[in-house]
S.K.: 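Would you mind keeping the following structure in view while I ask a few things?
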Amino acid sequence: MMNIPFSPPFIDEAVIDEVVQTLRSNWITTGPKVAALEQEIVKLTSSKAAVCVNSWTSGAILMLKWFGVKAGDEVIVPAYTYSATALSVLHCGATPVMVDINDDFCISADAVRKAITPKTKAIIAVDIAGWPCDYDKLNAIINDPEITGLFVAESFKQRILNRILLISDAAHSLGAKFNGLAAAKKSDVTIYSFHAVKNVTTAEGGCICLNLPDHFDTAAEYKYLRMYTLNGQTKDAFSKSLGGGWKYDILFQGLKINMPDICAAIGLAQIKKYETQLLPLRKQVALKYYDGFKDMDWFISPPLMDENRESSYHLFPLRIKNITEDQRDQIIEDITSDGVAVNVHFIPMPMLTYFKSLGYQIVDYPMAYQQYACEISLPIYPQLTGEEITFIINTVISAVKKQFANNLVPDTAIENMKPARISF
Ligand SMILES: *Cc1c(COP(=O)(O)O)cnc(C)c1O
């Protein structure tokens, strides 16, 4: 029996030192630590700019509002994601148009194309588990003259872009690669989450990366967005604290969603060793899982790498061939009773009460349901020891074996699931 948590934060002495130094500096809200974290993110993702905020959710609301998304507009999202993806759209008064996914968990580009109407303002593609969506296909769609011809530009920013905005929900995918570059380079706007369970954390937090087309003035957009996170105020508290700077103005109805320095300090210490230490350690765990399961005939690997993409190894979403949702639930119970915390990513939104009340139905998203029903997310983080990984692999294998021994595979089970795209 072991006691293996699902996703504890990575807190080493460097993180503690950075936080303590912030406390001793007498400046704890948005200031130099946030600026330093933004610089590290720009460096890591080669983005044109990075704006830290207090969560992924508030960052998404901000960017939809920035683009002028409002009541009557539509934003296309996958049915298979964490609810924040769709809730951010609802917070702007717009309608999330849910579409189905592919067998790699990511939004189906074909379904996206079919869902586009003259009301479509944006697409939010979600890099589930850290696996980048097919951004080449999505970019081809939003730039296709047949699709740009449908676009109705209503706001100032919409007139500048003059097409659908591509937003990446990169809550999982800090460090993911597309054609050798950061996957963030593939979207107009990429939003990371620094929630406690993510690859890099600030306890709560998020970051918006801008890679808008060149006819946008990114430096000006950064200034405007920074102001937007601070009530539309011309001066932040830090500049006001410098003395002689008491005068300020409120230019528009902003939000109050800035990241405090005390939080940024945690992420700053982590991100400094992310590409050299933390991400390679996550990858090692994923590859050990892959090795441990690859000979099981029931194993469907999560997508980790292909010719042009590499995951950020945020989750290890294991899938089991030919099982029902109930059997999956029982396997989870057995794994949990052996002291291993696992999860399911995700319960498709159309299965949740609120979205059902809005009229979404899971029958409309068969692939989302299939993936959900046979999925179990295993613990994956740098601190996992080899012994723990072996224990998890053995625990999962025996729980699955027990299920198959106790149950004949029912006719309703998922059959002929295509093998995941994976190559080493
Ligand atoms: C965690 C998560 C979010 C929300 O992030 P917050 O920072 O908690 O707002 C959004 N989308 C996905 C896919 C997530 O996993």
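From a predicted model like this one, the values you see are computed outputs, not experimental measurements.
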S.K.: Less than 4.5 Å apart, any side-chain heavy atom of D188 and any of P213?
M.R.: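 With C-beta onward as the side chain, the pair touches.
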S.K.: Output yes when a side-chain donor or acceptor of R319 lies under 3.5 Å from a complementary backbone atom of I376, and no otherwise.
M.R.: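 Not at all, since once roles are kept as given, no pair shorter than 3.5 Å links the two residues.
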S.K.: For I28, I'd like to know if atom CD1 has over 12 heavy atoms of other residues, nucleotides or ligands within 6.0 Å.
M.R.: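 Not more than 12 within 6.0 Å, no.
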S.K.: Taking the side chain as C-beta and beyond, is there a heavy-atom pair between M259 and L37 under 4.5 Å?
M.R.: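 With C-beta onward as the side chain, the pair touches.
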S.K.: For D214, does the CG atom sit with more than 12 other heavy atoms under 6.0 Å from it, leaving out its own atoms?
M.R.: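 For D214, atom CG is not crowded (no more than 12 foreign heavy atoms under 6.0 Å).
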S.K.: Picking from V400, I320, L378, what satisfies side chain to side chain contact (heavy atoms under 4.5 Å, CB included) with F293?
M.R.: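 Result: among V400, I320, L378, L378 is the only option passing the side chain to side chain contact (heavy atoms under 4.5 Å, CB included) with F293.
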S.K.: Measure up the F216 and W66 rings against each other and bin them: parallel (under 30°), tilted (30 to 60°), perpendicular (over 60°).
M.R.: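 Plane angle between 30° and 60°, so tilted.
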S.K.: So, does T390 use its side chain to make a donor-acceptor pair with the main chain of G386 at under 3.5 Å?
M.R.: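 Flag set: sc T390 to bb G386 pair under 3.5 Å.
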S.K.: Apply side chain to side chain contact (heavy atoms under 4.5 Å, CB included) to the pair V34 and R226, showing each step before the final yes or no.
M.R.: CA-CA 11 Å; V34 166; R226 166 61 65 232; 3.9 Å; yes
S.K.: Under a 3.5 Å cutoff, is there a donor and acceptor pairing between the side chains of N231 and K256?
M.R.: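 K256 and N231 do not have a side-chain donor-acceptor pair below 3.5 Å.
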S.K.: Could you measure the distance from the NZ atom of K294 to the OG atom of S301? Nearest 0.5 Å is fine.
M.R.: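 Answer rounded to 0.5 Å: 11.0 Å.
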S.K.: Would you say D100's side chain and D364's backbone share a donor-acceptor pair under 3.5 angstrom?
M.R.: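 No: the side chain of D100 does not pair with the backbone of D364.
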S.K.: Check whether any side-chain heavy atom of L384 lies under 4.5 Å from a side-chain heavy atom of P379, and answer yes or no.
M.R.: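 Yes, their side chains come closer than 4.5 Å.
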S.K.: Does the side chain of I41 reach to within under 4.5 Å of the side chain of C209, using non-hydrogen atoms?
M.R.: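 Side-chain contact under 4.5 Å: yes.
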S.K.: So which of D236, L62, L255 actually passes side chain to side chain contact (heavy atoms under 4.5 Å, CB included) with T229?
M.R.: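 The option that passes is L62.
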S.K.: What is the minimum heavy-atom distance between A184 and N211, and which atoms define it?
M.R.: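 Taking A184 first and N211 second, the nearest heavy atoms are O-ND2, 3.2 Å.
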S.K.: Dump the intermediate steps for ring pair (Phe, Tyr, Trp, His ring centres under 6.0 Å) on F346 and F105, then the final yes or no.
M.R.: CA-CA 10 Å; F346 283 97; F105 297 107; 9.4 Å; no
S.K.: Quick check for you: to the nearest 0.5 Å, what is the distance between I392 atom CD1 and I4 atom CD1?
M.R.: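 These two atoms lie 4.0 Å from each other.
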S.K.: Is the number of heavy atoms from other residues, nucleotides or ligands under 6.0 Å of L181 CG greater than 12?
M.R.: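 Correct, the count exceeds 12.
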S.K.: If we ignore angles and hydrogens, is there a donor and acceptor under 3.5 Å between the side chains of H172 and D127?
M.R.: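 Not at all, the side chains of H172 and D127 share no donor-acceptor pair under 3.5 Å.
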S.K.: Verify ring pair (Phe, Tyr, Trp, His ring centres under 6.0 Å) between F299 and Y289, making sure each step is shown before the conclusion.
M.R.: CA-CA 11 Å; F299 173 64; Y289 280 145; 9.6 Å; no
S.K.: Assess whether side chain to side chain donor-acceptor pair (under 3.5 Å) is satisfied between Y222 and E38, documenting all intermediate values.
M.R.: CA-CA 11 Å; Y222 173 86; E38 287 175 348; 2.6 Å; yes
S.K.: Count the heavy atoms belonging to other residues, nucleotides or ligands that lie under 6.0 Å from OH of Y248, then report whether that count exceeds 12.
M.R.: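 Open.
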S.K.: Measure the shortest side-chain to side-chain distance between F355 and I362 over non-hydrogen atoms and say whether it is less than 4.5 angstrom.
M.R.: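 Counting from C-beta outward, F355 and I362 never come under 4.5 Å.
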S.K.: Taking the side chain as every heavy atom from C-beta outward, state whether V53 and M63 have any atom pair closer than 4.5 Å.
M.R.: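 SC-SC contact between V53 and M63 ruled out.
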S.K.: Using a 3.5 Å distance criterion without hydrogens, assess whether the side chain of S173 forms a donor-acceptor pair with backbone atoms of A176.
M.R.: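 No; zero donor-acceptor contacts below 3.5 Å.
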S.K.: Any chance CZ of F156 has more than 12 other-residue heavy atoms, nucleotides or ligands included, within less than 6.0 Å?
M.R.: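 Check fails, neighbour count at 12 or below.
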S.K.: Within the 4.5 Å heavy-atom criterion, are F10 and L281 side-chain neighbours or not?
M.R.: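 No, every pair of side-chain atoms sits at 4.5 Å or beyond.
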S.K.: For V77 versus A86, what's the shortest heavy-atom pair and its separation?
M.R.: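 Closest pair (atom of V77, atom of A86, distance): CG2-CB, 4.4 Å.
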S.K.: On a heavy-atom basis, which atom in M367 and which in D103 lie closest, and how many Å separate them?
M.R.: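 Nearest heavy atoms, M367 then D103: CE-CB, 4.0 Å.
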S.K.: Hey, is the main chain of A14 close enough, under 3.5 Å, to the side chain of D12 for a donor-acceptor pair?
M.R.: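 Present.
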S.K.: Has the side chain of H215 got a donor or acceptor atom that lies under 3.5 Å from a matching backbone atom of I160?
M.R.: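 Yes, because the side chain of H215 sits within donor-acceptor range (under 3.5 Å) of the backbone of I160.
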S.K.: Can you tell me if K119 has over 12 outside heavy atoms packed within less than 6.0 Å of its NZ?
M.R.: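 Open.
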S.K.: How about Y135 and S168: does a side-chain donor come under 3.5 Å of a side-chain acceptor?
M.R.: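 Judged by distance alone, the side chains do pair up.
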S.K.: Please report the interatomic distance OG(S88) to CD1(I191), rounded to the nearest 0.5 Å.
M.R.: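 S88 atom OG to I191 atom CD1 measures 7.5 Å (nearest 0.5 Å).
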S.K.: Calculate, to the nearest 0.5 Å, the distance between atoms OH and OG belonging to Y192 and S312 respectively.
M.R.: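 Between Y192 OH and S312 OG, I get 9.0 Å after rounding to 0.5 Å.
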S.K.: Measure across F194 and L174 and return the closest heavy-atom pair with its distance rounded to 0.1 Å.
M.R.: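 That would be CE2-CD2, 4.3 Å.
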S.K.: Where the side chain of R309 meets the backbone of W131, is there a donor-acceptor pair that is under 3.5 Å apart?
M.R.: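 Checking the backbone N and O of W131 against the side chain of R309, no donor-acceptor pair under 3.5 Å is found.
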S.K.: Do the charged groups of K70 and D73 touch, with an N to O distance under 4.0 Å?
M.R.: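 Between D73 and K70 there is a salt bridge, with a charged N closer than 4.0 Å to a carboxylate O.
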S.K.: Please check: side-chain N/O of Q233 versus main-chain N/O of L230, any donor-acceptor pairing under 3.5 Å?
M.R.: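 Checking the backbone N and O of L230 against the side chain of Q233, no donor-acceptor pair under 3.5 Å is found.
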S.K.: I would like to know whether I257 and I61 meet side chain to side chain contact (heavy atoms under 4.5 Å, CB included); could you show each step before the answer?
M.R.: CA-CA 10 Å; I257 56 169; I61 295 168; over 6 Å; no
S.K.: Rounded to the nearest 0.5 Å, what separation is found between the OG1 atom of T30 and the CZ atom of F238?
M.R.: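 That separation rounds to 10.5 Å.
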S.K.: Distance-only, no hydrogens or angles: does the W27 side chain make a donor-acceptor pair with backbone N or O of T29 under 3.5 Å?
M.R.: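 Present.
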S.K.: Answer whether the closest heavy-atom distance between the side chains of V285 and F316 falls below 4.5 Å.
M.R.: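 Contact flag for V285/F316 side chains = no.
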S.K.: Can you tell me if R159 has over 12 outside heavy atoms packed within less than 6.0 Å of its CZ?
M.R.: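 Yes - once you tally the heavy atoms of other residues, nucleotides and ligands closer than 6.0 Å, there are more than 12.
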S.K.: Using a cut-off of 6.0 Å, state whether more than 12 heavy atoms not belonging to K185 lie near its atom NZ.
M.R.: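 Above 12, so yes.
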S.K.: State plainly whether the residues K48 and E221 are in salt-bridge range, i.e. N to O under 4.0 Å.
M.R.: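 A salt bridge is absent here (no side-chain N lies under 4.0 Å from a carboxylate O).
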S.K.: So does K177 pair up with E275, basic N to acidic O under 4.0 Å?
M.R.: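 Salt bridge flag = yes for E275 with K177.
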S.K.: Can you tell me how far NZ of K114 sits from CD1 of I76, rounded to the nearest 0.5 angstrom?
M.R.: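 The CD1 atom of I76 sits 12.0 Å away from the NZ atom of K114.
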S.K.: Are H345 and F6 close enough that their ring centers fall under 6.0 Å?
M.R.: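 Judged by ring-centre distance (under 6.0 Å), H345 and F6 do meet the cut-off.
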S.K.: Could you walk me through whether Y80 and Y365 pass ring pair (Phe, Tyr, Trp, His ring centres under 6.0 Å), step by step?
M.R.: CA-CA 9 Å; Y80 197 89; Y365 312 95; over 10 Å; no
S.K.: Starting from the C-alpha separation in whole Å, work towards a yes-or-no answer on side chain to side chain contact (heavy atoms under 4.5 Å, CB included) for H195 and Y82.
M.R.: CA-CA 13 Å; H195 175 266; Y82 178 60; over 6 Å; no
S.K.: For A341 and P5, which heavy atoms make the closest approach, and how far apart are they?
M.R.: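 Smallest heavy-atom distance, with atoms named: CB-C, 3.9 Å.
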S.K.: Of all the heavy-atom pairs spanning Y360 and T95, show the shortest one and how long it is.
M.R.: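 Minimum heavy-atom separation between Y360 and T95: OH-CG2, 4.3 Å.
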S.K.: Step by step, would you call I262 with K33 a side chain to side chain contact (heavy atoms under 4.5 Å, CB included)?
M.R.: CA-CA 8 Å; I262 189 90; K33 298 291 177 195; over 6 Å; no
S.K.: Treating R328 as the side-chain partner and Y372 as the backbone partner, does any N or O pair qualify as donor plus acceptor under 3.5 Å?
M.R.: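 At least one qualifying donor-acceptor pair exists.
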